[in-house]
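Read through the structure below, which is laid out as C-alpha cells, and then see the notes.
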Amino acid sequence: MPEGPSVRKFHHLVSPFVGQQVVKTGGSSQKLHPATLQSLWLQDAQVHGKKLFLRFDPDEQMGSPGSHSLPEFLQQGAQKEEDVDPELTLGSNSQKISAGSTPSTKSDPSGFSAPEYLGDSPTAGGRRWLQVKFGLFGSVWVNNFSRAKKANKRGDWKDPVPRLVLHFGGGGFLAFYNCQMSWSPSPVVEPTCDILSKEFHRGQAMEALRQAQPVCYTLLDQRYFSGLGNIIKNEALYRAGIHPLSLGSLLSSLKLEALVNHVLEFSTDWLQGKFLGKQCHTQIYQKEQCPAGHQVLKEAFGPPDGFQRLTWWCPQCQPLLLPKGPQELQGS
Ligand SMILES: [Zn+2]
C-alpha cells in the first residue's frame, strides 16, 4: 500500500479537477459501478492517512471546492505538477512510457459501464464521499493511461486496466489503478494522528509508543500513526537507533521523542522529494549494509494476530534493549 506521501501526491494530482463535472466514466470496478458517477460534480478532495477521499455532489453549487489538507509547500508547487504517475516518474521507465507511445487515441481499455445500473446510489443517504484505498501498486494517472512495462509470460503486452476512469467537463481525465473504492458518509478526519498533518499530536503518539509491545508494531498502527508504512517504520527506527523489537515501555522519553522526530522528518522529506521528482533515499530499508558498513538483518515482524512485515535493522546501530533483570519484571 502506498504510504502517506504517495497518497498526498495522488491528492495533489486530483485536486485540479475539483469543481468539474464527470461527463464520462469507465473502469473495471465491479463493486463501485463507475457509471453511477456520471454527471456528478467532484466537489472536494481530501487525504487522510493512506486514503484518498473524493466528494461528489449532484449539483454544482454544493460545498466549496478546496484542498483542506494540502500543505502550503504543495500548493506553491502546484503548477509544476506533471500529468504522469508519480511513482513512475521516479523510476527509469518514465521516459520509455512517455516517449514510446505517442499520446494514444486508443479507446479506453476498460470500456464503459452500463449506464442503466441503479443500485447503491452514491449520493443517497448522504454517502457522498468516495473512499479510495490504494493497493501496493496503486496509482492515479492524469490525462493518460498506464502502459505495460514489459511483456507477460506469454509474450503479450497487456496494459493494466484502470479500476475507475473519470472524464471531466474540462476535457481532462483521471484513471485510478489498483485501488479499492467504496462510498462513505464522511472521511474519518483525525488529523491529530496523521503524520503529515500540521495538527499531528506528538503527545498522543508518545503515549502510544510507550506501550509494552515492540515499537515496530505500534508504528504501523494506523490509529496512532496514520500514513505511516513499512518504509517509514524501518527508516525512522534506524535513524533513532532503536531495535524494532524493543518494547516501548523500556525506551526513554528521549529515545521515543527522537523516534517521533525521525518519523515526521523522514515523511516530510519524502513528500517534498516527490514533488521535486527525487527518489526516496533509504538507509536501511532493503539494504544489505547500514551506512556505517555493518551487516543488516532482515526478518518479518508483526503482532501474533496481525500482518507480518519485513523489517530491516542493524544489530550494531540498533541494539536490542532487554529488561534489566528477571527480578524487576517480577516486581512490576
Ligand atoms: Zn550499523
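First listed ligand is number 1; within each ligand, the first listed atom is number 1. Because the structure is predicted, anything quoted here is derived from the model rather than measured.
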- Using the side chain to side chain contact (heavy atoms under 4.5 Å, CB included) rule, pick out the option among His167, Gln38, His33 that qualifies with Thr25. Gln38

- Query: Any cation-pi pair here, Lys24 with Phe173, using under 6.0 Å and within 45°?
  - Reply: no

- Message: When you compare the side chains of Ser182 and Lys31, does any donor N or O come within less than 3.5 Å of an acceptor on the partner?
- Response: no

- Hey, can you tell me if Phe10 and Phe134 have their rings parallel, tilted or perpendicular (30° and 60° cut-offs)? tilted

- Message: Once you measure the plane-to-plane angle for Trp313 and Phe301, does it fall in the parallel (<30°), tilted (30-60°) or perpendicular (>60°) bin?
- Response: tilted

- Could you go step by step and tell me if Thr218 and Gln213 meet the side-chain hydrogen bond (donor to acceptor under 3.5 Å, both in side chains) rule? CA-CA 7 Å; Thr218 314; Gln213 70 170 4; 2.8 Å; yes

- Message: At a cut-off of 2.8 Å, what protein N/O/S atoms sit near the Zn ion (ligand 1)?
- Response: Cys290 SG, His294 ND1, Cys314 SG, Cys317 SG

